[in-house]
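Worksheet for the structure shown next.
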Amino acid sequence: MSSRYPFGVSLSGWFAIAWSAELGRTGVLNRRAFGQEWVVFRGESGEVQALAAYCPHLGAHLGHGGRVVGEQLRCPFHGFCFDRSGACQSTPYGGKRPRLHIRALPTQERDGVVLVFHGAPQVPAWPLPENPQHAYGRPVFQSWRIRSHPQEIIENTVDHGHFSAVHGYRGLRPLNPVKTDGPHLRAGYEVIRTQGLFGPWSRPLVMCMAIQASGLGYSRVEVTIPRYGLLIEQIVYPTPIAGELLELRATTRLRLFHGAGGRRAALGRRLLTRFVSLAAARGMARDLAPDIRIWEHKAYLQRPGLAEGDGPIGRFRRWARQFYGHDEMAGTPVVKLAAAGAAP
């Protein structure tokens with residue numbers, strides 16, 4: 001637990017733990033998250049799995065010298081092999097295998113991101129929102145290592161006041177009020193971005209933003225820019241490492257929702273889509289820079305002096321309590337994770 005926050009890093013929810021490209025075909029990665037060591041590996045079938053890092057036999061770290069054998073991970077110390085469920089399947093000694101088990105996290109891979117579900121054993125892994133059916137272009141991947149907490153990052157999505165004070169947006173108009181459904185939260189806004197899409201020299205833009213958060217590790221924003229016929233998807237994945245340290249990953253991808261047909265036109269759209277995706281990702285990095293500066297130095301106030309115009313911060317914080325365990329929020333009673341469809 002940090003001196004700036006009354007809660008720790010052992011959260012329940014889906015969190016990004018790696019980029020798919022980092023694993024290759026049968027790779028093994030070391031990761032630190034939720035204050036613990038983990039190892040992520042890809043079996044020969046292509047399936048990805050995350051396990052606690054230390055072998056329960058004699059404590060070797062599976063990520064330092066461990067290797068993939070079929071769908072299992074082989075310990076570098078004595079050759080014990082563990083499957084994707086974390087169960088020991090074989091030893092080099094033969095005979096009856098020991099009843100050893102490593103903690104395995106539910107793992108999924110989507111859009112070039114490896115995600116794990118971390119939480120107490122009694123907390124089920126809820127489904128993330130379905131991917132949109134319409135085709136987006138190839139995503140742009142970005143990451144930052146910063147001193148903050150996932151709740152601070154996701155809270156920004158409902159902090160109306162900071163849109164103008166920090167980012168210079170104006171004319172914020174709620175399109176859809178904040179709605180919660182178990183671990184999911186949705187909202188929609190229209191804003192005017194004064195710097196435009198391509199920096200301070202471009203014209204202001206009217207943007208419609210549809211926001212969907214799922215827990216404190218996944219926030220998807222779909223931005224519609226009617227002037228240019230653009231639909232931009234940006235997903236942020238804040239993953240706690242330990243103490244105040246977190247890894248903030250983000251993907252940006254784009255769709256042009258009008259245009260002529262034909263092979264040459266399709267090629268031109270792909271090139272344009274890639275160019276604008278890179279520009280949108282750079283714009284996101286510019287927007288994040290002042291946020292990061294604030295996150296790294298602010299303190300979480302349990303009784304903030306909220307004012308009219310701040311947005312539904314209080315409601316967000318009540319919703320966020322469900323993702324913490326018994327000792328993760330000082331002075332806060334345990335709140336069981338609400339089932340989807342129930343009021344928080």
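Position 1 is the first residue of the sequence; numbering continues from there. Heavy atoms only: backbone and side chains are in, while hydrogens, waters and symmetry mates are out.
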Atom of [X], atom of [Y] and distance for their closest heavy-atom approach:
| X | Y | answer |
| --- | --- | --- |
| Val113 | Phe141 | CG2-CE2, 4.4 Å |
| Ser85 | Ala104 | O-CB, 3.6 Å |
| Ile153 | His149 | CD1-O, 3.3 Å |
| Trp295 | Ser148 | CB-OG, 3.5 Å |
| His184 | Ser214 | ND1-OG, 2.9 Å |
| Ala285 | Gln142 | CB-NE2, 3.8 Å |

Checklist line | Audit row: Asn176, Arg186, side-chain contact (heavy atoms from CB on, under 4.5 Å) steps and yes/no | finding: CA-CA 8 Å; Asn176 296 300; Arg186 294 176 176 84; over 6 Å; no
Side chains of [X] and [Y], heavy atoms from C-beta outward: is any pair under 4.5 Å?
| X | Y | result |
| --- | --- | --- |
| Leu205 | Arg227 | yes |
| Arg193 | Asp287 | yes |
| His61 | Cys55 | no |
| Val178 | Phe316 | no |
| Tyr324 | Ser10 | no |
| Leu231 | Glu233 | no |
| His64 | Asn30 | yes |

Consider only side-chain heavy atoms of I, L, V, M, F, W and Y, link residues closer than 4.5 Å, and tell whether [X] and [Y] are in one cluster.
| X | Y | value |
| --- | --- | --- |
| Leu248 | Leu216 | yes |
| Leu51 | Val48 | no |
| Ile102 | Leu105 | no |
| Val69 | Phe77 | no |
| Ile154 | Ile292 | yes |

Side-chain donor-acceptor pairs of residues 21-28 under 3.5 Å, sequence neighbours excluded:
{"from": "Glu22", "atom 1": "OE1", "to": "Trp19", "atom 2": "N", "distance (Å)": "2.7"}
{"from": "Glu22", "atom 1": "OE1", "to": "Arg31", "atom 2": "NH2", "distance (Å)": "3.0"}
{"from": "Glu22", "atom 1": "OE2", "to": "Arg31", "atom 2": "NH2", "distance (Å)": "2.7"}

**Asked** Is atom CZ of Arg147 surrounded by more than 12 heavy atoms (other residues, nucleotides or ligands) closer than 6.0 Å?
**Response** yes
Aromatic contact between [X] and [Y], with the criterion being ring centroids under 6.0 Å apart: yes or no?
| X | Y | result |
| --- | --- | --- |
| Phe7 | Tyr300 | yes |
| Phe80 | Tyr93 | yes |
| Tyr189 | His160 | yes |
| Phe15 | Tyr237 | no |

Residue pairs passing the salt bridge (charged side-chain N to carboxylate O under 4.0 Å, His left out) test with at least one member in residues 2-16, sequence neighbours excluded, are Arg4-Glu244
Which ILVMFWY residues can you reach from [X] by hopping between side chains whose heavy atoms are under 4.5 Å apart?
| X | result |
| --- | --- |
| Ile192 | Val206 |
| Leu245 | Ile241 |
| Leu278 | Val140 |

Practice task
Over 60° means perpendicular and under 30° means parallel, so classify the ring planes of Phe34 and His118, tilted if in between.
Solution key: parallel
Between [X] (side chain only) and [Y] (backbone N and O only), is there a donor and an acceptor less than 3.5 Å apart?
| X | Y | result |
| --- | --- | --- |
| His162 | Asp159 | yes |
| Asp310 | Gly161 | no |
| Arg32 | Trp38 | no |
| Trp14 | Trp126 | yes |
| Glu71 | Ser45 | yes |
| Gln322 | Gly182 | yes |
| Thr107 | Ala50 | yes |

Here the gap from Ser20 atom OG to Glu109 atom CD, rounded to the nearest 0.5 Å, amounts to 3.5 Å
Interatomic distance, OG1@Thr157 vs CE@Met209, rounded to 0.5 Å, equals 9.5 Å
Worksheet entry | Salt bridge Glu47-Arg42, side-chain N to carboxylate O under 4.0 Å | no
Thinking salt bridges, do Arg220 and Asp111 make one under a 4.0 Å N-O criterion? no
Looking only at the side chains, is there a donor atom on one of [X] and [Y] sitting less than 3.5 Å from an acceptor on the other?
| X | Y | result |
| --- | --- | --- |
| His167 | Asp291 | yes |
| Asp83 | Gln72 | no |
| Gln302 | Tyr5 | no |
| Gln36 | Tyr54 | no |
| Gln234 | Thr251 | no |

TODO: Begin from the C-alpha positions of Ile313 and Arg315 and carry the test side-chain contact (heavy atoms from CB on, under 4.5 Å) through to its verdict.
DONE: CA-CA 5 Å; Ile313 292 175; Arg315 184 174 183 184; over 6 Å; no
* To do: Step by step, work out the side-chain contact (heavy atoms from CB on, under 4.5 Å) result for Phe41 and Arg84.
  => CA-CA 9 Å; Phe41 73 97; Arg84 296 182 67 249; 4.2 Å; yes
Hits for side chain to side chain donor-acceptor pair (under 3.5 Å) against Arg99, two or more places apart or cross-chain, chain-then-number order -> none
Val114 vs Gln108, side-chain contact (heavy atoms from CB on, under 4.5 Å): CA-CA, chis, key distance, verdict: CA-CA 6 Å; Val114 179; Gln108 65 171 295; over 6 Å; no
